[in-house]
Every structure is written in C-alpha cells, then in structure tokens.
Amino acid sequence: MALLTTTTPRHLVAAALGLLLLLPAGLSARAGVQGGADEYQVKAAFLYQFTRFVEWPADAFADRKAPVVLCLAGTDPFGDLLDGQLAGKTAGERPFRIVRLAAGAPPACHILFVGASERERTARWLDAHAGRPVLTIGDMSGFARDGGVANFVVESSRVRFEFNTAAADRARLKVSSKLLALARVVQPEPAR
C-alpha cells in the first residue's frame, strides 16, 4: 500500500487529506441520527479511505494481488452500503473481499470491523487477532482504549475516529501521520 511521504508536495498532501473527508454521492460528514443510514455511509467511506493511509507488512498477503479481506463481526449495521461503497474499488492493486462472520473461528482478515452488537465479545475478537497484521476497527465506546486499532465515535452528530497507535504497532501496521493528524490518538487502558 502506498503511503504519502514527507517528500510529497504540500498541495498533494492537502488534496489527499481532503479526499479522505470527501464522501461519495455528496454526503457530508454529518451523521444525522446516530445509527442511521447516513452515519453508516460515512463509516463505510472511512473504512475504504483508511486503506489508503495504512500499510500492512508484506507477509500479510499471499501475493501482490491478493484481496484485502474486510471482515464484519456481529450484526451488520451497513446492510448493502458497504458492498456498494467498495464495489469496483481497490486498495492499491488489491480488490476488496467482504466477509460477514458467524460464530466460530474467524478467517484471515486484514480489516476486522467489530460492531456494537459484539460489545460483550470484544475481548474475544481482539484476542483472536492479537499479534496479526489486522486493522481492528470498532463501533463502540472504549474500543480503541481496550486494544483495538481504531474506533468510530459520533460527536455532535459527526462521525469521528480514534486510533490506538500502540495497538497498530503490535499489529505491525504503519499508520500515516497524515491520518493520525485527523484522529484522536488514544492510549490503551492500563492492565488491571
């Protein structure tokens, strides 16, 4: 995955960051009613955009054209939105494959979205992917502090995101400083 570098001209960096915030079909970053369709259109757009600013280690993929596997744990709040947002798009040269997980052993994922319906099983999902190059993204309060890499939060009717850089380091993911500049960086909760 290509990342922006410090040698990238400023106007290209600004344009790339602007694209991160642009949403398809003229959507704004306003979430509307929490949990509504607009909120999940925004989150689906962010899931795609994250792949442009996160680099996985080479051994995370079988080969250069292997797909980016996006797994959804729990009740799927996106419905057909995510399929529509990712249809025909790629992360570099890699197509996307969406897997909706049922109970049991999770497949090899590159991105794991843990929905709010999995709040009671969050630790299980994080433990199952510990030490693996997986971008774990939550949709509930405290997910990033509990060890997930990223978490969506809705504040003042706007979708925002948090990143836990220590969790990203453990997953061997390189998160662009440009993305982190837009995020709220959180620290993990101390072990009890």
Side-chain angles (χ1 to χ4, degrees), residues 1-25 27 29 40-73 76 78 80-101 106-114 125-126 128-139 144 148-152 159-183 185:
M1 310 272 160
L3 288 177
L4 298 173
T5 66
T6 56
T7 60
T8 304
R10 284 186 187 266
H11 71 281
L12 292 178
V13 171
L17 290 177
L19 287 175
L20 177 68
L21 298 176
L22 288 178
L23 302 171
L27 289 175
Y40 284 95
Q41 285 177 307
V42 171
K43 290 176 181 180
F46 278 137
L47 285 175
Y48 167 67
Q49 294 296 337
F50 286 168
T51 67
R52 299 177 65 209
F53 294 91
V54 173
E55 184 178 345
W56 281 259
D59 65 354
F61 299 93
D63 59 53
R64 287 180 357 122
K65 300 229 178 186
V68 173
V69 180
L70 168 59
C71 300
L72 302 172
D76 179 0
F78 295 100
D80 293 337
L81 289 172
L82 196 56
D83 299 278
Q85 293 260 354
L86 297 180
K89 292 187 178 167
T90 60
E93 296 180 8
R94 301 178 189 285
F96 286 94
R97 191 177 97 195
I98 300 172
V99 177
R100 287 164 174 88
L101 301 175
C109 303
H110 298 101
I111 303 169
L112 173 66
F113 178 84
V114 181
W125 288 111
L126 292 175
H129 292 84
R132 295 174 47 203
V134 178
L135 176 58
T136 52
I137 303 173
D139 195 23
V149 175
N151 187 45
F152 289 119
V159 176
R160 309 266 188 213
F161 50 93
E162 304 170 322
F163 265 86
N164 177 332
T165 55
D169 290 345
R170 283 192 303 276
R172 299 181 298 132
L173 301 173
K174 292 181 186 174
V175 181
S176 167
S177 61
K178 281 48 170 188
L179 180 59
L180 293 176
L182 298 173
V185 176

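Everything quoted here is computed from the prediction, not taken from an experiment.
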Evaluate the side-chain proximity of Phe152 to Leu47: yes if any heavy-atom separation is below 4.5 Å, no if none is. yes
Once rounded to the nearest 0.5 Å, what's the spacing between atom OH of Tyr40 and atom CD of Gln85? 14.0 Å
Taken in chain and number order and not counting sequence neighbours, the residues that satisfy salt bridge (Lys or Arg N to Asp or Glu O under 4.0 Å) with Asp80 are none
Does the Arg94 side chain pair with the main chain of Ala66, one donor and one acceptor, at a distance under 3.5 Å? yes
Applying salt bridge (Lys or Arg N to Asp or Glu O under 4.0 Å), name anything that partners Arg170, two or more places apart in sequence or on another chain. none
Single hit among Leu82, Ile137, Val159 for side chain to side chain contact (heavy atoms under 4.5 Å, CB included) with Lys43: Val159
How are the rings of Phe161 and Phe163 set to each other: parallel, tilted or perpendicular (split at 30° and 60°)? perpendicular
What's the separation between atom CG in Leu70 and atom CZ in Phe50, rounded to the nearest 0.5 Å? 12.0 Å
Working to the nearest 0.5 Å, report the span between CG of Leu135 and CG of Leu112. 9.0 Å
Applying side chain to side chain contact (heavy atoms under 4.5 Å, CB included), run through Leu179 and Val54 and close with a yes or a no. CA-CA 8 Å; Leu179 180 59; Val54 173; 4.3 Å; yes
Of all heavy-atom pairs linking Cys109 and Val134, the shortest is O-CG2, 3.2 Å
Between Thr51 and Phe96, does a side chain to side chain contact (heavy atoms under 4.5 Å, CB included) hold up when you go through it step by step? CA-CA 10 Å; Thr51 67; Phe96 286 94; 3.8 Å; yes
Indicate yes or no: at least one non-hydrogen side-chain atom of Trp125 is less than 4.5 angstrom from one of Leu101. yes
Would you give the length of the straight line joining atom CG of Asp169 to atom NZ of Lys174, rounded to the nearest 0.5 angstrom? 10.5 Å
Shortest non-hydrogen separation from Asn164 to Ala144 and the atoms involved: ND2-O, 2.7 Å
To the nearest 0.5 Å, how far apart are CD1 in Ile98 and CG in Asp76? 8.5 Å
Main-chain N/O of His110 paired with Trp56 side-chain donor or acceptor, under 3.5 Å: yes
Could you measure the distance from the OG1 atom of Thr136 to the NE2 atom of His129? Nearest 0.5 Å is fine. 9.0 Å
Side chain to side chain, Leu180 and Phe53, heavy atoms closer than 4.5 Å: no
